[in-house]
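Naming convention: chains lettered A, B, ... in sequence-line order (proteins, then strands); numbering from 1 in each chain.
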2 protein chains.
Amino acid sequence: MTLTELKYVLAVAREKHFGRAAEACFVSQPTLSVAIKKLEEELGVSLFERGGGGELGITPAGERVAEQAAHIFELVDGIKDLAAQAKDDLQGPLKLGAIYTIAPYLLPELIPQLHERAPKMPLLLEENYTRVLTEKLKKGELDAMIIATPVEDPSILSLPLYEEPFVVAIPADHPWKKKKSLESSELENESMLLLGSGHCFRDQVLQVCPALNRSAQGGLQKTLESSSLETIRHMVASGMGTTVLPCTATRLHSTSDNLLAYRPFTKPAPARVVSLAWRKSFPRPRAIEAIRQAILAAGLPCVEKIRPGKR
Amino acid sequence: MTLTELKYVLAVAREKHFGRAAEACFVSQPTLSVAIKKLEEELGVSLFERGGGGELGITPAGERVAEQAAHIFELVDGIKDLAAQAKDDLQGPLKLGAIYTIAPYLLPELIPQLHERAPKMPLLLEENYTRVLTEKLKKGELDAMIIATPVEDPSILSLPLYEEPFVVAIPADHPWKKKKSLESSELENESMLLLGSGHCFRDQVLQVCPALNRSAQGGLQKTLESSSLETIRHMVASGMGTTVLPCTATRLHSTSDNLLAYRPFTKPAPARVVSLAWRKSFPRPRAIEAIRQAILAAGLPCVEKIRPGKR
DNA sequence: TAAGCGTCATAGAAAATATCTATGAAAATT
DNA sequence: AATTTTCATAGATATTTTCTATGACGCTTA
């Protein structure tokens, strides 16, 4: 049984005439004769009664088959409608991930921007480590992610979006408050608070100031395993030490903010590149583009947008 | 869009793997690749996300299409079921006609017999003149008819079922009551009651006794235009005259029956042949056969069954 | 009642389509 | 890096659909 055959049955049932039905289907009359005969043989019942000169009769079976066929074509049209809707990349939920050190600062700005550009694309958000996000992305549990490390995987595409300079966070009463900017080497002998391993930002900070690795033994560096940048910021405010933050993390103003000061690094300031990444096979390019646009429009302060150069 | 393509979509959605899906469909893997690609292009959306080594992903569109496709196949199976049911010739209503001079005597016997043989075949019955029945049969408003004249029309098939001798009906006090049998020529000078023109039985009686045509002028013959055999029988009982009846019409016993007597013709008695007729194109031969069997089993008295010779 | 017409069926050729085998590309795995 | 898995592509082949031409059959008409 084929949809074409059913279409022909409907036409003949409607026209009660093979010739006219053929015309309506834009095929020749023998085409209908053959197709309907084939279907009748498959079903084992005759659907029409061909009686020489008189009217073409429809058997009760033919009547019922035609009726059912009409329902089938309703569903077929349903598939077409459904596909036409789904054709819109900006329709349907999108699963977006972001690393812990970006999500709390970017998402509040990103979401309204994205909602404006794609109101029919609800977001399913997840914060996690780069490693976990990458795995979920590959498994299809995420559609896109925002990360701060280059992607190696060949099945994943990415686009750098902006560069985020690092800054030093100090307690308000710290002697460095008098300085305009700091050299990374100056951090060596400070009591630095760092995120736990797994956070890429930790690695990036250590790359900027390798001496901190050594100072770990001396007790000057303190790794806070299950913590977040916000927690560390509060600890700095309370005078427990200093830390390095991505500049976007300096924006939130909690009540303890007057206990904190930020100082930039001297140029060229260390920084990280934030990228948007997605599966190479993800079939909604316009959804990716919408996220990119939304991030660029998010109005993050103190970042340098990366526009032209791709990859 | 074809049902085959939808079948493939369902298989891939189910197996989440082109190779296994192909196996399940008993086709090669490239067949699926090509078919699904074709459907994706027609619909303008990708249904699956092929990602090299990892899991095969289904897009939201693919999910919805597969769901709808499943519904379509339910309906397709519905058509098959429906056809399987309809395959039974003895299923579904049958429109049966019979002429006025047969219906009241045959149908009461026929219906229970037929119901026994084809309980799922309800009858739509109609009494009418041969001419009208024939027209309706050709138009499809009837499926079969029981008549007493040979069929000329090439689009109609018929089968003689039984031969029905004629008998003479006389009032109980008629002098002929003493006779064992009658010659048709003896009717010439009797006051005969006849059915109106249009009834084939009238013509058949006139054929048996052409002299009655002449006696019409002499007032001995009386044609009762809008009447029936039953009415005529009552008139005979009341003494208005005599008449000729098909022997099956002598069976009903109304309260006036003791006022009536029947006398056969001398052999060879005039008779008529009752046939079953249907459109050559009518597609339920077993329904026809069931009617034939039911009529032969109907246990009509005084008739001679015609079995072997067809046509 | 034969000729013409309308209608559907059949046959064989042509066209379109579906399927196959073989092979390639890409990413995951060893 | 080599191997394996998985899907895509290409070209050949098989199948199916469709077409043109023609036939059969019954109706209509002269």
Side-chain angles (χ1 to χ4, degrees), chain A residues 1-9 11-12 15-23 25-42 46-58 62 134-135 137-140 151-157 279-283, chain B residues 1-9 11-12 15-23 25-42 46-58 62 134-135 137-140 151-157 279-283:
Chain A
M1 193 185 320
T2 71
L3 289 177
T4 307
E5 283 161 10
L6 293 179
K7 183 177 73 187
Y8 294 163
V9 168
V12 175
E15 304 285 347
K16 303 205 190 311
H17 188 283
F18 274 66
R20 283 196 298 277
E23 232 176 299
C25 295
F26 305 104
V27 292
S28 70
Q29 167 265 313
T31 299
L32 285 201
S33 282
V34 170
I36 286 181
K37 189 185 174 195
K38 176 167 163 289
L39 181 61
E40 284 178 328
E41 269 164 21
E42 179 182 342
S46 56
L47 305 173
F48 301 103
E49 200 185 318
R50 294 80 152 173
E55 275 278 284
L56 181 85
I58 309 185
T134 304
E135 264 169 38
L137 186 70
K138 289 178 78 172
K139 272 199 276 185
V151 181
E152 298 303 329
D153 201 296
S155 69
I156 293 179
L157 292 180
R279 277 189 305 291
K280 195 191 258 187
S281 57
F282 184 62
Chain B
M1 194 185 319
T2 71
L3 288 177
T4 307
E5 283 162 8
L6 293 179
K7 184 178 72 190
Y8 294 162
V9 167
V12 174
E15 304 284 347
K16 304 206 191 307
H17 188 283
F18 274 67
R20 283 197 298 277
E23 231 177 300
C25 294
F26 305 105
V27 293
S28 70
Q29 167 266 313
T31 299
L32 285 201
S33 283
V34 170
I36 286 181
K37 190 183 173 199
K38 176 167 163 288
L39 181 61
E40 285 178 328
E41 269 165 19
E42 179 182 342
S46 56
L47 304 173
F48 301 102
E49 199 184 320
R50 293 82 151 173
E55 276 278 284
L56 182 84
I58 309 185
T134 304
E135 265 168 37
L137 186 70
K138 290 178 78 171
K139 274 199 277 187
V151 181
E152 298 303 330
D153 201 297
S155 69
I156 293 178
L157 293 181
R279 276 188 305 289
K280 193 189 262 188
S281 58
F282 184 63

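Not a single salt bridge (charged side-chain N to carboxylate O under 4.0 Å, His left out) links A:Lys280 to another residue, sequence neighbours left out. A:Glu42 is linked by a side chain to side chain contact (heavy atoms under 4.5 Å, CB included) to A:Met1, A:Glu5, A:Leu39, B:Lys80, counting only residues two or more places apart in sequence or in another chain. Evaluation of the side chain to side chain contact (heavy atoms under 4.5 Å, CB included) rule for A:Lys139 yields A:Glu141 as partners, not counting sequence neighbours.
Listed pair A:Lys138 / C:dA28 meets the phosphate criterion, a side-chain N or O lying under 4.0 Å from OP1 or OP2.
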Donor-acceptor pairs are to be reported for all side-chain atoms of residues 26-34 of chain B against protein atoms at under 3.5 Å, with residues two or more places apart or in another chain.
residue, atom, partner, partner atom, Å
B:Ser28, OG, B:Thr31, OG1, 2.9
B:Gln29, NE2, B:Ser33, OG, 3.0

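We find that CZ of A:Phe48 is positioned 11 Å from P of C:dC8, with the value rounded to whole Å. Here the C1' atom of nucleotide C:dC5 and the NE2 atom of A:His17 are 12 Å apart, to the nearest Å. Protein atom CG of B:Leu32 is 15 Å distant from nucleotide atom C1' of D:dT9, rounded to whole Å.
B:Leu137 is listed as a side-chain neighbour of B:Arg279, based on a closest heavy-atom distance under 4.5 Å.
Under 3.5 Å, the side chains of B:Ser46 and B:Glu40 contain no donor-acceptor pair of N or O atoms.
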Which protein N or O atoms sit under 3.5 Å from an N or O of nucleotides 15-19 of chain D?
residue, atom, partner, partner atom, Å
D:dT18, OP1, A:Tyr8, OH, 3.1
D:dT18, OP2, A:Tyr8, OH, 3.3
D:dC19, OP2, A:Ser28, N, 2.6
D:dC19, OP2, A:Ser28, OG, 3.0
D:dC19, OP2, A:Thr31, OG1, 2.5

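Rounded to 10°, the angle separating the first-five-pair axis and the last-five-pair axis of the helix from C:dT1-D:dA30 to C:dT30-D:dA1 equals 10°.
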